[in-house]
Amino acid sequence: MRVLVSGGAGYIGSHTVLALLEHGHDVVIVDDFANSKPTVLGRLESLSGKHIPLHSFDLTDVDKTERLFDQEDIDAVIHFAGFKAVGESVAIPLEYYANNLGSTLSLCRAMARHDVGRLVFSSSATVYGDHAPVPYREDYQPLSAASPYGRTKVMVEQVLTDVAAAHEGWKVALLRYFNPVGAHASGQIGEDPQGIPNNLMPFIAQVAVGRRDKLDVFGDDYPTADGTCERDYIHVEDLAAGHVAALEHLDAMAAAVRPFNLGSGTGTSVLELFHAFERAIGRELPYDVVGRRAGDLPAYWADPTRAREELGWWTTRTIDDMCADTWRWQSQNPQGFPDA
Ligand code: WQD
């Protein structure tokens, strides 16, 4: 298939672009580099040995999106593009709603006009809200979220459900990611957060490389084995493979819209991940336990049964792999991707 990847220069998008090319698909990227660097493109082309067409504009621009579909022959869309920082979304909710909803609406409009009905969407486990039983299952209702960022994911899932119901033949996979970490085995691409990292793994990696003094562990008084929060960490290469599996499954899907959890099915605590990282790099790192971070849930992980049974996909990489691959990327690229 010829796949339009929105946000293809970003962390998960870039790994998925490589997985698609390895599986014999063609890729067209649309990305405005709001939260990524153009230099990732050169790395993707040298790793894949292929030229990757790039369209650089903001997808909320309906006319430009329309023109892109006029110019390129597209069979399917994987839609990653969006703002994703939970805390920032509380401070600037309008930007989050305008961008995450607006980009999806103009993509869907252009898809409908050009008769493209295959869509894979980047959703998040955050749509399970605060009350879902653990492990999370896809059939849980009602969906909700605790931040404007999370609510954009719930809303886009609803928008896509309505759009797919109204357009004959549309097939939409909603991929609910748990906690993506790790990097490509080459060490050439990986997560490159701008500013101070919000998420645990990139923060630990920056402590290890000397960009941060120490890790602050947000609370060790949770009702978990070691008192720190447990999450379902998933290697970004497993996650990328999940997108290829979902894309290739779309035509066989009975329902017009289907959510799939992409997670491992096991929880790992903050301190377990931290100590695994220390083992991967062969030295101890500094940390302090500080107060809880507002909004954090004690522990959750995926029930990944549906993805295994219907997509034939499951995770194969361990926590140790995630740490080793993160370190290869971070140590080879201490400041992330170069500017030019
Ligand atoms: C993991 C654990 C923290 C940083 C969030 C979003 C989710 C998704 C991924 C993406 C928690 C603890 C963290 C630190 C710490 N969004 N922690 N010190 O919160 O599970 O999920 O990111 O697009 O929607 O909610 O991930 O990596 O931020 O935190 O102790 O410096 O690590 O308290 O328990 P989270 P995270």
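Whatever order the structure lists ligands and atoms in, that order sets their numbers, starting from 1. All values below were derived from every heavy atom in this structure, side-chain atoms included, with hydrogens, water molecules and symmetry-related copies excluded. Predicted, not measured: the structure shown is a model, and the values here were computed from it.
- Only side-chain heavy atoms of Tyr233 come within less than 4.0 Å of ligand 1; its backbone N, CA, C and O stay farther off.
- Each of the atoms 20 (O), 21 (O), 26 (O), 35 (P) of ligand 1 lies under 4.0 Å from some heavy atom of Asn179.
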For ring pair (Phe, Tyr, Trp, His ring centres under 6.0 Å), just list the numbers for Trp329 and Phe337, CA-CA rounded to whole Å, side-chain angles, deciding distance to a tenth of an Å, and then say yes or no. CA-CA 10 Å; Trp329 152 253; Phe337 290 106; 4.8 Å; yes
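- Each of the atoms 2 (C), 12 (C), 30 (O), 32 (O), 34 (O) of ligand 1 lies under 4.0 Å from some heavy atom of Val270.
- Ring geometry for His25 versus His23: interplanar angle under 30°, hence parallel rather than tilted (30 to 60°).
- For atom 8 (C) of ligand 1, the nearest protein heavy atom is 4.0 Å or more away.
- No salt bridge links Arg258 with Glu138; every basic N to acidic carboxylate O contact stays at or beyond 4.0 Å.
- Proximity to Cys229 (heavy-atom distance under 4.0 Å) selects the following atoms of ligand 1: 34 (O).
- Arg43 and Asn333 are linked by a side-chain donor-acceptor pair at a separation below 3.5 angstrom, with hydrogens and angles left out of the test.
- The contact set between ligand 1 and Tyr300, taken as ligand atoms under 4.0 Å from a residue heavy atom, comprises 20 (O).
- Under the 30°/60° scheme for interplanar angles, the aromatic rings of Tyr136 and Phe178 are found to be tilted.
- For Phe218, a nitrogen or oxygen atom sits less than 3.5 Å from a nitrogen or oxygen atom of ligand 1, counting backbone and side chain alike.
- Ring planes of Tyr177 and Phe80: tilted class, angle from 30 to 60°.
- A ring pair (Phe, Tyr, Trp, His ring centres under 6.0 Å) with Phe274 holds for exactly one of Tyr233, Phe203, Tyr287; it is Tyr287.
- When Phe83, Tyr287, Tyr149 are ranked by how near their heavy atoms come to atom 16 (N) of ligand 1, first place goes to Tyr149.
- Taking any N or O of Val86, backbone or side chain, none lies under 3.5 Å from an N or O belonging to ligand 1.
- The part of Thr126 lying near ligand 1 is the side chain, judged by heavy-atom distances below 4.0 Å.
- Which parts of ligand 1 touch Ser124 is read off a 4.0 Å heavy-atom cut-off, strictly below it: atoms 24 (O).
- With a 4.0 Å cut-off on non-hydrogen atoms, Arg231 touches ligand 1 through its side chain and not its backbone.
- Using a 4.0 Å cut-off between heavy atoms, Thr228 makes no contact with ligand 1 at all.
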